[in-house]
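Lettering follows sequence order; numbering is per chain, from 1.
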Amino acid sequence: MQIGVLHARIRLEEKMIFTELEKRGVDVKRFHIEAVPLSLDADGAREDITQVDAMLERCISHSRALAAIRVIENWGVPCVNSWQVAEVCGDKMATNLALSNAGVAQPRARVAFTPESALEAIEELGYPAILKPAVGSWGRLLARVNDREAAEAILEHKATLGTYHHSIFYIQEHIEKPGRDLRAFVAGGEVLCAIARHSEHWITNTAQGGQVTNYPVTDELREIAVNAAQAVGGGILAVDLLESSRGLLVCEVNYTMEFKNSVEPTGVDLPAKVVDFLLEVAEGRELVPAQRAAAVDAAQQPTGGAS
Amino acid sequence: MSNTTETTTACPECDAQIKREEGVMANEILPCEECGAELEVTSLEPFSLALAPEVEEDWGE
């Protein structure tokens, strides 16, 4: 068996995964995304990539990762996570719609296309409201809008200074949280563990300095995390949750999860779990969405035989 | 002939000598202890470093 790892910069998470793969004696091939041009021609599949049994995507850039795994999966190599999942998770609006369609609780959200209609949406949700880029992470460029004056100023700045996708305004209901949010790590329908991220600041992302503690996997947390993971297509995922007066709400689902701060507090060997899941995909025991769809199509085909 | 076992190299920002630590991997990010620059390991043998790229808008999980 051979496993591919598509990566850019090597963070502690990737080192932990490489160490685990090496410990298990897995044949690993590394592909740096910046050094891997991909052909879109019918006969363009790269043999060094198609010979791997599964590709683990660990890139730092969402748009590059999405483009690359879309091509690689088209060549028949299952990717962890798959491009369909990456496409949904990498875009907050797509995540909202997937969760809405699956009946998973989440903060109310709006999308608007002009500062005027964005202001209207903010006022409908009520102050404070959250303005976020629809694609973005690590808690960057989030704004809590406390009143109309702040809303007008931020919307004008975004419309004037932002790149084109900042003129699509993504607005989310503000959830008053108890100084923390939660993250559940899910693999193939099972919750591996959960953490709470604490911060005095309203942004609790660990990339913004939030502190991490273990959080018990309650029935409520297990159910919503598994449902959210399934709603976006399944895989090995980190589901971010907010505690609210309406119960747990899904804030976002991460498809290239960062976990270095979660191993010690939870006592769960997350890099080993990533490798377990990856090997299950490589061995065909766990299917990525495209494989599941193909299996359904095959089952629906009339069986051959004499007419 | 170049020495492929070189284990120190200069910081591309401040020219401080940086030693290759055991276990370091290609494409890992190291900070320069002297100037604080973030450096990417571009090669292990010979050991070489480049300034790490700036964080882009779509980076992160």
Peer 1: Of the options A:H7, A:E258, A:E14, which is the one that meets A:R58 in a side chain to side chain donor-acceptor pair (under 3.5 Å)?
Peer 2: A:E14
Peer 1: Got A:E13 and A:V274 here, is their nearest side-chain heavy-atom distance under 4.5 Å?
Peer 2: no
Peer 1: What part of A:R64 gets closer than 4.5 Å to chain B, counting heavy atoms only: side chain, backbone, both or neither?
Peer 2: both
Peer 1: Side chain from CB out, backbone as N, CA, C, O: work out which of these in B:E40 comes under 4.5 Å of a heavy atom of chain A, or both, or neither.
Peer 2: side chain
Peer 1: So is A:R30 actually on top of A:F18's ring, under 6.0 Å and inside 45° of the axis?
Peer 2: yes
Peer 1: Chain B heavy atoms under 4.5 Å from A:A65: which part of the residue, side chain, backbone, both or neither?
Peer 2: neither
Peer 1: Compute whether any side-chain donor of one residue and acceptor of the other, for B:T9 and B:S48, lie under 3.5 angstrom apart.
Peer 2: no
